[in-house]
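What follows is a short report on a single structure.
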There are 2 protein chains.
Amino acid sequence: MIKGILFDLDDTLYNSSEFVEIARREAVKSMIDAGLNVSFDEAMNILNKIIEDKGSNYGKHFDDLVKSILGRYDPKIITTGIITYHNVKVALLRPYPHTIKTLIELKSMGLKLGVITDGLTIKQWEKLIRLGIHMFFDDVITSEEFGLGKPHLEFFKYGLNRMGLKPEETIYVGDRVDKDIKPAKELGMITVRILKGKYKDMKDEHSDYRINSLQELVDIVKKLKVKDVKKN
Amino acid sequence: MIKGILFDLDDTLYNSSEFVEIARREAVKSMIDAGLNVSFDEAMNILNKIIEDKGSNYGKHFDDLVKSILGRYDPKIITTGIITYHNVKVALLRPYPHTIKTLIELKSMGLKLGVITDGLTIKQWEKLIRLGIHMFFDDVITSEEFGLGKPHLEFFKYGLNRMGLKPEETIYVGDRVDKDIKPAKELGMITVRILKGKYKDMKDEHSDYRINSLQELVDIVKKLKVKDVKKN
(Lines give C-alpha, C1' and ligand atoms only; values in the text may rest on other atoms or scores of the structure.)
Protein backbone atom coordinates (compact mmCIF):
# COMPACT_ATOMS: atom_id res chain seq x y z
CA MET A 1 0.00 0.00 0.00
CA ILE A 2 1.62 3.24 -1.20
CA LYS A 3 1.46 5.91 1.48
CA GLY A 4 4.03 8.47 0.43
CA ILE A 5 6.54 9.78 -2.07
CA LEU A 6 10.03 11.07 -1.38
CA PHE A 7 11.43 13.43 -3.99
CA ASP A 8 14.96 14.45 -4.72
CA LEU A 9 15.06 18.23 -5.40
CA ASP A 10 17.74 19.38 -7.87
CA ASP A 11 17.01 18.24 -11.45
CA THR A 12 14.03 16.22 -10.17
CA LEU A 13 11.56 19.02 -9.38
CA TYR A 14 13.22 21.76 -11.44
CA ASN A 15 15.94 22.22 -14.06
CA SER A 16 18.88 22.70 -11.69
CA SER A 17 21.77 21.82 -14.07
CA GLU A 18 20.47 24.11 -16.76
CA PHE A 19 19.80 27.12 -14.54
CA VAL A 20 23.09 26.79 -12.63
CA GLU A 21 25.02 26.62 -15.90
CA ILE A 22 23.29 29.72 -17.29
CA ALA A 23 23.69 31.63 -14.00
CA ARG A 24 27.43 30.83 -13.82
CA ARG A 25 28.03 31.83 -17.43
CA GLU A 26 26.15 35.14 -17.01
CA ALA A 27 28.00 35.83 -13.76
CA VAL A 28 31.37 35.27 -15.48
CA LYS A 29 30.36 37.54 -18.38
CA SER A 30 29.39 40.30 -15.90
CA MET A 31 32.71 39.92 -14.07
CA ILE A 32 34.65 40.26 -17.34
CA ASP A 33 32.58 43.35 -18.07
CA ALA A 34 33.49 44.71 -14.61
CA GLY A 35 37.21 44.34 -15.28
CA LEU A 36 38.18 40.68 -14.96
CA ASN A 37 40.82 40.61 -17.65
CA VAL A 38 40.48 37.11 -19.11
CA SER A 39 38.73 35.32 -21.95
CA PHE A 40 35.30 33.84 -21.22
CA ASP A 41 36.44 30.28 -21.98
CA GLU A 42 39.48 30.49 -19.75
CA ALA A 43 37.42 31.96 -16.89
CA MET A 44 34.84 29.14 -17.21
CA ASN A 45 37.63 26.51 -17.17
CA ILE A 46 39.13 27.97 -14.00
CA LEU A 47 35.70 28.32 -12.36
CA ASN A 48 34.72 24.72 -13.19
CA LYS A 49 38.00 23.50 -11.71
CA ILE A 50 37.34 25.48 -8.50
CA ILE A 51 33.81 24.05 -8.25
CA GLU A 52 35.17 20.53 -8.82
CA ASP A 53 37.85 20.98 -6.14
CA LYS A 54 35.80 22.78 -3.48
CA GLY A 55 32.28 21.43 -4.08
CA SER A 56 29.18 23.37 -5.08
CA ASN A 57 28.37 24.65 -1.57
CA TYR A 58 31.81 26.17 -0.96
CA GLY A 59 30.54 29.79 -1.12
CA LYS A 60 33.73 31.51 -2.31
CA HIS A 61 33.93 30.32 -5.94
CA PHE A 62 34.01 33.84 -7.38
CA ASP A 63 36.53 35.05 -4.77
CA ASP A 64 38.90 32.25 -5.79
CA LEU A 65 38.30 32.84 -9.50
CA VAL A 66 39.14 36.54 -9.25
CA LYS A 67 42.16 35.90 -7.03
CA SER A 68 43.55 33.26 -9.37
CA ILE A 69 43.24 35.57 -12.41
CA LEU A 70 44.14 38.98 -10.95
CA GLY A 71 46.33 37.80 -8.08
CA ARG A 72 44.31 39.97 -5.67
CA TYR A 73 40.93 40.33 -3.97
CA ASP A 74 38.63 42.65 -5.95
CA PRO A 75 35.29 43.19 -4.20
CA LYS A 76 33.73 45.12 -7.09
CA ILE A 77 34.23 42.25 -9.53
CA ILE A 78 33.28 39.54 -7.02
CA THR A 79 30.09 41.34 -5.94
CA THR A 80 29.13 41.96 -9.57
CA GLY A 81 29.33 38.20 -10.16
CA ILE A 82 27.31 37.40 -7.03
CA ILE A 83 24.53 39.86 -7.93
CA THR A 84 24.30 38.58 -11.51
CA TYR A 85 24.21 34.96 -10.32
CA HIS A 86 21.45 35.81 -7.88
CA ASN A 87 19.41 37.84 -10.40
CA VAL A 88 19.56 35.02 -12.95
CA LYS A 89 18.59 32.52 -10.27
CA VAL A 90 15.50 34.50 -9.29
CA ALA A 91 14.58 34.98 -12.96
CA LEU A 92 15.00 31.37 -14.07
CA LEU A 93 13.96 29.29 -11.08
CA ARG A 94 10.69 27.56 -11.95
CA PRO A 95 9.35 24.03 -11.62
CA TYR A 96 9.29 21.63 -14.57
CA PRO A 97 6.04 21.81 -16.55
CA HIS A 98 3.20 19.84 -14.89
CA THR A 99 5.01 19.78 -11.51
CA ILE A 100 2.40 21.78 -9.60
CA LYS A 101 -0.53 20.02 -11.28
CA THR A 102 1.05 16.66 -10.46
CA LEU A 103 1.72 17.60 -6.83
CA ILE A 104 -1.92 18.66 -6.43
CA GLU A 105 -3.12 15.32 -7.85
CA LEU A 106 -0.78 13.33 -5.62
CA LYS A 107 -1.92 15.24 -2.52
CA SER A 108 -5.55 14.67 -3.48
CA MET A 109 -4.77 10.92 -3.57
CA GLY A 110 -4.00 11.20 0.15
CA LEU A 111 -0.25 10.68 -0.16
CA LYS A 112 2.41 12.13 2.14
CA LEU A 113 5.00 14.03 0.12
CA GLY A 114 8.56 14.81 1.19
CA VAL A 115 11.78 16.19 -0.21
CA ILE A 116 15.13 14.60 0.64
CA THR A 117 18.10 16.51 -0.67
CA ASP A 118 21.82 16.99 -0.38
CA GLY A 119 22.74 20.60 0.40
CA LEU A 120 22.53 23.49 2.83
CA THR A 121 19.14 23.69 4.56
CA ILE A 122 18.45 27.40 3.94
CA LYS A 123 19.62 27.19 0.31
CA GLN A 124 17.38 24.20 -0.46
CA TRP A 125 14.41 25.82 1.29
CA GLU A 126 15.05 29.00 -0.68
CA LYS A 127 14.72 27.02 -3.92
CA LEU A 128 11.47 25.36 -2.79
CA ILE A 129 9.93 28.66 -1.67
CA ARG A 130 11.04 30.53 -4.81
CA LEU A 131 9.71 27.62 -6.91
CA GLY A 132 6.40 28.14 -5.11
CA ILE A 133 6.02 24.45 -4.23
CA HIS A 134 7.12 24.19 -0.59
CA MET A 135 3.54 24.04 0.70
CA PHE A 136 3.03 20.63 -0.90
CA PHE A 137 5.61 18.88 1.23
CA ASP A 138 4.99 17.44 4.67
CA ASP A 139 8.71 17.54 5.38
CA VAL A 140 11.98 18.63 3.79
CA ILE A 141 15.03 16.65 4.84
CA THR A 142 18.53 17.94 4.09
CA SER A 143 21.98 16.39 4.39
CA GLU A 144 23.08 19.41 6.43
CA GLU A 145 20.48 18.56 9.08
CA PHE A 146 21.51 14.90 9.24
CA GLY A 147 25.27 15.46 8.84
CA LEU A 148 25.57 12.85 6.09
CA GLY A 149 24.20 12.91 2.55
CA LYS A 150 23.33 10.65 -0.36
CA PRO A 151 24.02 7.85 -1.14
CA HIS A 152 24.36 6.88 2.56
CA LEU A 153 21.53 4.50 3.47
CA GLU A 154 21.38 6.05 6.98
CA PHE A 155 20.32 9.37 5.42
CA PHE A 156 17.44 7.74 3.55
CA LYS A 157 16.41 5.80 6.69
CA TYR A 158 16.45 9.08 8.65
CA GLY A 159 14.22 10.65 6.00
CA LEU A 160 11.73 7.76 6.03
CA ASN A 161 11.66 7.92 9.79
CA ARG A 162 10.93 11.65 9.84
CA MET A 163 8.12 11.08 7.34
CA GLY A 164 6.72 8.16 9.34
CA LEU A 165 6.98 5.91 6.26
CA LYS A 166 8.22 2.37 5.68
CA PRO A 167 10.38 1.74 2.58
CA GLU A 168 7.90 -0.68 0.98
CA GLU A 169 5.08 1.89 1.16
CA THR A 170 7.21 4.68 -0.31
CA ILE A 171 7.98 5.74 -3.87
CA TYR A 172 11.33 7.43 -4.35
CA VAL A 173 11.76 9.85 -7.26
CA GLY A 174 15.21 11.06 -8.32
CA ASP A 175 17.42 11.74 -11.32
CA ARG A 176 20.69 10.06 -10.37
CA VAL A 177 21.24 6.31 -10.42
CA ASP A 178 24.23 6.30 -8.08
CA LYS A 179 23.03 8.73 -5.41
CA ASP A 180 19.24 8.39 -5.61
CA ILE A 181 17.92 5.24 -7.24
CA LYS A 182 20.48 2.62 -6.13
CA PRO A 183 20.34 3.35 -2.37
CA ALA A 184 16.55 3.84 -2.41
CA LYS A 185 16.15 0.46 -4.16
CA GLU A 186 18.55 -1.16 -1.71
CA LEU A 187 16.33 -0.03 1.18
CA GLY A 188 13.25 -1.52 -0.48
CA MET A 189 11.55 1.61 -1.83
CA ILE A 190 9.80 1.66 -5.20
CA THR A 191 12.14 3.67 -7.40
CA VAL A 192 11.19 6.10 -10.16
CA ARG A 193 13.94 7.70 -12.17
CA ILE A 194 13.21 10.97 -13.94
CA LEU A 195 15.24 11.37 -17.12
CA LYS A 196 16.25 15.03 -16.70
CA GLY A 197 19.42 17.02 -16.16
CA LYS A 198 23.00 16.12 -16.82
CA TYR A 199 22.70 12.52 -15.53
CA LYS A 200 19.82 11.50 -17.76
CA ASP A 201 21.99 9.13 -19.83
CA MET A 202 23.52 7.36 -16.82
CA LYS A 203 23.54 3.52 -17.00
CA ASP A 204 20.67 2.22 -14.90
CA GLU A 205 19.94 -1.27 -13.60
CA HIS A 206 18.12 -0.21 -10.46
CA SER A 207 15.03 1.82 -11.24
CA ASP A 208 11.54 0.25 -11.25
CA TYR A 209 10.17 2.99 -13.49
CA ARG A 210 11.64 5.64 -15.76
CA ILE A 211 9.70 8.77 -16.59
CA ASN A 212 10.23 11.78 -18.81
CA SER A 213 7.82 14.01 -16.93
CA LEU A 214 6.61 14.09 -13.34
CA GLN A 215 2.97 13.78 -14.44
CA GLU A 216 3.63 10.10 -15.27
CA LEU A 217 3.84 9.55 -11.50
CA VAL A 218 0.07 9.77 -11.19
CA ASP A 219 -0.44 6.69 -13.40
CA ILE A 220 2.31 4.80 -11.60
CA VAL A 221 0.63 5.42 -8.24
CA LYS A 222 -2.73 4.35 -9.70
CA LYS A 223 -1.25 1.09 -11.07
CA LEU A 224 0.45 0.32 -7.75
CA LYS A 225 -2.86 0.87 -5.94
CA VAL A 226 -4.60 -1.58 -8.29
CA LYS A 227 -1.86 -4.16 -7.62
CA ASP A 228 -2.41 -3.71 -3.89
CA VAL A 229 -6.13 -4.33 -4.24
CA LYS A 230 -5.49 -7.50 -6.26
CA LYS A 231 -2.98 -8.79 -3.67
CA ASN A 232 -5.50 -8.48 -0.80
CA MET B 1 42.49 73.35 -2.76
CA ILE B 2 39.70 70.76 -2.70
CA LYS B 3 40.79 67.58 -4.51
CA GLY B 4 38.35 64.97 -3.33
CA ILE B 5 35.25 63.96 -1.40
CA LEU B 6 34.85 61.01 0.94
CA PHE B 7 31.28 59.81 1.42
CA ASP B 8 29.75 57.70 4.12
CA LEU B 9 27.33 55.18 2.54
CA ASP B 10 24.32 54.19 4.68
CA ASP B 11 21.85 57.08 5.10
CA THR B 12 24.26 59.42 3.27
CA LEU B 13 23.90 58.14 -0.29
CA TYR B 14 20.60 56.28 0.15
CA ASN B 15 17.78 55.87 2.69
CA SER B 16 19.27 52.99 4.66
CA SER B 17 17.30 53.37 7.93
CA GLU B 18 14.01 53.58 6.10
CA PHE B 19 14.58 50.64 3.78
CA VAL B 20 16.01 48.39 6.52
CA GLU B 21 13.03 49.14 8.76
CA ILE B 22 10.53 48.33 5.99
CA ALA B 23 12.43 45.18 4.96
CA ARG B 24 12.55 43.89 8.55
CA ARG B 25 8.85 44.57 9.12
CA GLU B 26 7.84 42.84 5.89
CA ALA B 27 10.13 39.90 6.69
CA VAL B 28 8.53 39.50 10.13
CA LYS B 29 5.03 39.65 8.61
CA SER B 30 5.98 36.92 6.11
CA MET B 31 7.38 34.74 8.90
CA ILE B 32 4.15 35.10 10.91
CA ASP B 33 2.25 34.15 7.76
CA ALA B 34 4.52 31.10 7.40
CA GLY B 35 3.68 29.88 10.91
CA LEU B 36 5.63 31.98 13.43
CA ASN B 37 3.02 32.03 16.17
CA VAL B 38 3.49 35.47 17.73
CA SER B 39 2.06 38.97 17.46
CA PHE B 40 3.78 41.37 15.09
CA ASP B 41 4.72 43.83 17.86
CA GLU B 42 6.21 41.15 20.08
CA ALA B 43 8.22 39.72 17.17
CA MET B 44 9.59 43.18 16.31
CA ASN B 45 10.56 43.77 19.95
CA ILE B 46 12.45 40.48 20.10
CA LEU B 47 14.11 41.10 16.73
CA ASN B 48 15.22 44.62 17.68
CA LYS B 49 16.70 43.25 20.90
CA ILE B 50 18.64 40.59 18.93
CA ILE B 51 19.96 43.23 16.49
CA GLU B 52 20.98 45.45 19.41
CA ASP B 53 22.80 42.57 21.14
CA LYS B 54 24.47 40.97 18.11
CA GLY B 55 25.00 43.94 15.77
CA SER B 56 23.54 44.45 12.31
CA ASN B 57 26.08 42.24 10.48
CA TYR B 58 25.49 39.18 12.67
CA GLY B 59 23.79 37.19 9.89
CA LYS B 60 21.54 34.96 12.03
CA HIS B 61 18.93 37.43 13.30
CA PHE B 62 15.99 35.48 11.91
CA ASP B 63 17.38 32.15 13.15
CA ASP B 64 17.58 33.55 16.68
CA LEU B 65 14.13 35.16 16.43
CA VAL B 66 12.47 31.90 15.38
CA LYS B 67 14.38 29.88 17.97
CA SER B 68 13.44 32.27 20.78
CA ILE B 69 9.74 32.13 19.86
CA LEU B 70 9.27 28.50 18.81
CA GLY B 71 12.09 26.94 20.84
CA ARG B 72 13.37 25.20 17.72
CA TYR B 73 15.05 25.76 14.37
CA ASP B 74 12.45 26.07 11.58
CA PRO B 75 14.11 26.45 8.15
CA LYS B 76 10.83 27.13 6.32
CA ILE B 77 10.03 30.16 8.45
CA ILE B 78 13.63 31.45 8.54
CA THR B 79 14.06 31.12 4.77
CA THR B 80 10.71 32.85 4.16
CA GLY B 81 11.98 35.81 6.19
CA ILE B 82 15.32 35.90 4.35
CA ILE B 83 13.66 35.83 0.92
CA THR B 84 11.19 38.57 1.85
CA TYR B 85 13.97 40.72 3.29
CA HIS B 86 16.01 40.27 0.13
CA ASN B 87 13.08 40.95 -2.21
CA VAL B 88 12.18 44.15 -0.39
CA LYS B 89 15.83 45.22 -0.45
CA VAL B 90 16.08 44.76 -4.21
CA ALA B 91 12.77 46.58 -4.70
CA LEU B 92 13.49 49.56 -2.46
CA LEU B 93 17.22 50.19 -2.81
CA ARG B 94 17.67 53.46 -4.71
CA PRO B 95 19.79 56.57 -4.26
CA TYR B 96 18.38 59.75 -2.74
CA PRO B 97 16.95 62.12 -5.36
CA HIS B 98 19.66 64.14 -7.15
CA THR B 99 22.42 61.74 -6.05
CA ILE B 100 23.40 60.62 -9.54
CA LYS B 101 23.13 64.12 -11.01
CA THR B 102 25.27 65.45 -8.17
CA LEU B 103 27.91 62.73 -8.57
CA ILE B 104 28.15 63.50 -12.29
CA GLU B 105 28.65 67.22 -11.55
CA LEU B 106 31.29 66.52 -8.91
CA LYS B 107 33.20 64.19 -11.26
CA SER B 108 33.04 66.83 -13.99
CA MET B 109 34.67 69.28 -11.53
CA GLY B 110 37.69 66.95 -11.55
CA LEU B 111 37.25 65.66 -7.99
CA LYS B 112 38.26 62.24 -6.70
CA LEU B 113 35.30 60.53 -5.06
CA GLY B 114 35.45 57.74 -2.51
CA VAL B 115 33.20 55.84 -0.13
CA ILE B 116 34.33 54.99 3.39
CA THR B 117 31.91 52.76 5.28
CA ASP B 118 31.52 50.45 8.23
CA GLY B 119 30.39 47.00 7.22
CA LEU B 120 31.13 43.82 5.32
CA THR B 121 32.90 44.49 2.01
CA ILE B 122 30.68 42.38 -0.24
CA LYS B 123 27.48 43.67 1.42
CA GLN B 124 28.51 47.33 0.99
CA TRP B 125 29.59 46.73 -2.62
CA GLU B 126 26.28 44.99 -3.26
CA LYS B 127 24.44 48.13 -2.15
CA LEU B 128 26.58 50.41 -4.35
CA ILE B 129 26.16 48.17 -7.41
CA ARG B 130 22.39 47.74 -6.87
CA LEU B 131 22.11 51.51 -6.34
CA GLY B 132 23.82 51.89 -9.73
CA ILE B 133 26.39 54.38 -8.44
CA HIS B 134 29.55 52.31 -7.90
CA MET B 135 31.15 53.54 -11.13
CA PHE B 136 31.46 57.08 -9.74
CA PHE B 137 33.86 56.12 -6.98
CA ASP B 138 37.62 55.87 -7.35
CA ASP B 139 37.77 53.66 -4.27
CA VAL B 140 35.49 52.03 -1.71
CA ILE B 141 37.02 51.55 1.72
CA THR B 142 35.33 49.25 4.27
CA SER B 143 35.95 48.60 7.95
CA GLU B 144 36.15 44.88 7.18
CA GLU B 145 39.16 45.52 4.95
CA PHE B 146 40.93 47.66 7.53
CA GLY B 147 39.91 45.61 10.58
CA LEU B 148 38.73 48.70 12.48
CA GLY B 149 35.77 50.98 11.79
CA LYS B 150 34.41 54.42 12.54
CA PRO B 151 35.02 56.56 14.58
CA HIS B 152 38.67 55.35 14.78
CA LEU B 153 40.92 58.02 13.30
CA GLU B 154 43.24 55.30 11.90
CA PHE B 155 40.41 54.10 9.68
CA PHE B 156 39.89 57.58 8.22
CA LYS B 157 43.67 58.02 7.75
CA TYR B 158 43.80 54.66 5.97
CA GLY B 159 40.98 55.83 3.68
CA LEU B 160 42.66 59.14 2.87
CA ASN B 161 45.89 57.28 2.17
CA ARG B 162 44.22 54.86 -0.23
CA MET B 163 42.63 57.79 -2.02
CA GLY B 164 45.93 59.70 -2.16
CA LEU B 165 44.31 62.69 -0.43
CA LYS B 166 45.38 64.98 2.41
CA PRO B 167 42.73 65.87 5.06
CA GLU B 168 42.77 69.60 4.27
CA GLU B 169 42.03 68.99 0.58
CA THR B 170 39.17 66.58 1.33
CA ILE B 171 35.48 67.09 2.03
CA TYR B 172 33.86 64.47 4.22
CA VAL B 173 30.12 63.83 3.88
CA GLY B 174 28.23 61.78 6.45
CA ASP B 175 25.02 61.63 8.50
CA ARG B 176 26.30 60.85 12.00
CA VAL B 177 27.99 63.38 14.25
CA ASP B 178 29.70 60.85 16.51
CA LYS B 179 30.98 58.37 13.92
CA ASP B 180 31.40 60.55 10.82
CA ILE B 181 31.66 64.28 11.40
CA LYS B 182 33.58 64.44 14.71
CA PRO B 183 36.52 62.22 13.69
CA ALA B 184 36.67 63.70 10.16
CA LYS B 185 36.83 67.20 11.65
CA GLU B 186 39.48 66.09 14.14
CA LEU B 187 41.68 64.98 11.25
CA GLY B 188 41.28 68.33 9.53
CA MET B 189 38.82 67.47 6.77
CA ILE B 190 36.06 69.87 5.73
CA THR B 191 32.92 68.29 7.13
CA VAL B 192 29.47 68.25 5.58
CA ARG B 193 26.63 66.68 7.50
CA ILE B 194 23.61 65.44 5.58
CA LEU B 195 20.40 65.66 7.62
CA LYS B 196 18.91 62.28 6.72
CA GLY B 197 18.06 59.02 8.45
CA LYS B 198 17.53 58.29 12.10
CA TYR B 199 20.40 60.48 13.34
CA LYS B 200 19.27 63.67 11.66
CA ASP B 201 18.36 65.33 14.96
CA MET B 202 21.67 64.49 16.67
CA LYS B 203 23.36 67.39 18.51
CA ASP B 204 26.13 68.76 16.34
CA GLU B 205 29.01 71.10 17.16
CA HIS B 206 31.45 69.71 14.62
CA SER B 207 30.13 70.07 11.08
CA ASP B 208 31.28 72.91 8.81
CA TYR B 209 28.17 72.62 6.64
CA ARG B 210 24.76 71.03 7.02
CA ILE B 211 22.75 70.01 3.98
CA ASN B 212 19.31 68.56 3.34
CA SER B 213 20.15 67.20 -0.08
CA LEU B 214 23.36 66.02 -1.71
CA GLN B 215 22.97 68.52 -4.55
CA GLU B 216 23.94 71.32 -2.12
CA LEU B 217 27.46 69.86 -2.24
CA VAL B 218 28.04 71.37 -5.67
CA ASP B 219 27.66 74.92 -4.33
CA ILE B 220 29.82 74.14 -1.31
CA VAL B 221 32.64 72.93 -3.57
CA LYS B 222 32.27 76.02 -5.79
CA LYS B 223 32.48 78.36 -2.75
CA LEU B 224 35.54 76.55 -1.39
CA LYS B 225 37.23 76.89 -4.80
CA VAL B 226 36.56 80.62 -4.82
CA LYS B 227 38.07 80.92 -1.32
CA ASP B 228 41.16 79.06 -2.56
CA VAL B 229 41.59 81.46 -5.44
CA LYS B 230 41.29 84.50 -3.09
CA LYS B 231 43.87 83.01 -0.70
CA ASN B 232 46.50 82.62 -3.42
Side-chain angles (χ1 to χ4, degrees), chain A residues 9 27 30-31 33-35 59-64 66-67 72-91 93 114-117 119-147 162, chain B residues 9 27 30-31 33-35 59-64 66-67 72-91 93 114-117 119-147 162:
Chain A
L9 172 53
S30 74
M31 287 189 278
D33 192 45
K60 298 256 178 196
H61 296 135
F62 295 164
D63 297 55
D64 286 9
V66 169
K67 236 177 247 172
R72 61 179 166 80
Y73 181 73
D74 187 315
K76 181 182 80 173
I77 296 175
I78 295 164
T79 313
T80 300
I82 294 170
I83 292 175
T84 303
Y85 187 91
H86 188 86
N87 286 349
V88 173
K89 182 174 78 179
V90 171
L93 212 59
V115 168
I116 182 162
T117 172
L120 301 175
T121 304
I122 297 290
K123 269 191 154 184
Q124 299 306 81
W125 268 100
E126 185 188 353
K127 291 173 193 167
L128 286 168
I129 294 173
R130 287 198 188 273
L131 287 165
I133 57 176
H134 64 290
M135 294 296 197
F136 290 103
F137 299 102
D138 301 277
D139 205 350
V140 175
I141 298 120
T142 74
S143 60
E144 190 192 22
E145 287 166 355
F146 184 62
R162 264 183 44 175
Chain B
L9 173 53
S30 75
M31 287 190 277
D33 191 45
K60 298 256 177 195
H61 297 134
F62 295 163
D63 297 56
D64 286 9
V66 169
K67 237 177 246 171
R72 61 179 164 79
Y73 180 73
D74 187 315
K76 182 181 81 173
I77 295 175
I78 295 164
T79 312
T80 300
I82 293 171
I83 292 175
T84 303
Y85 187 91
H86 188 86
N87 286 348
V88 173
K89 183 174 77 179
V90 172
L93 213 58
V115 168
I116 183 162
T117 171
L120 301 175
T121 305
I122 297 289
K123 270 190 153 185
Q124 299 307 82
W125 268 100
E126 186 190 352
K127 291 172 192 166
L128 286 168
I129 294 173
R130 287 197 187 275
L131 288 165
I133 58 176
H134 63 291
M135 294 297 197
F136 289 104
F137 299 103
D138 300 278
D139 206 350
V140 176
I141 298 120
T142 74
S143 61
E144 190 193 22
E145 286 166 357
F146 184 61
R162 264 182 46 174

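Proteins get letters first, then strands, A, B, ... in listed order; numbering begins at 1 in each.
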* Starting at OG1 of A/T80, measure out to NE2 of B/H134 and round the result to the nearest 0.5 Å. =>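 A/T80 OG1 to B/H134 NE2: 5.0 Å, rounded to 0.5 Å.
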* To do: Give, for atom CD of B/E126 and atom CD1 of A/I78, the distance between the pair rounded to the nearest 0.5 Å.
  =>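 The CD atom of B/E126 sits 13.5 Å away from the CD1 atom of A/I78.
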* Most contacts with chain A, counted as non-hydrogen pairs under 4.5 angstrom, among B/Q124, B/R130, B/K123 ->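 Result: the option with the highest number of such pairs is B/R130.
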Let me know if [X] has heavy atoms under 4.5 Å from chain B in its side chain, its backbone, both or neither.
X	result
A/E145	side chain
A/L128	neither
A/T142	neither
A/N87	side chain

* To do: Evaluate the side-chain proximity of B/Y73 to A/T121: yes if any heavy-atom separation is below 4.5 Å, no if none is.
  => yes
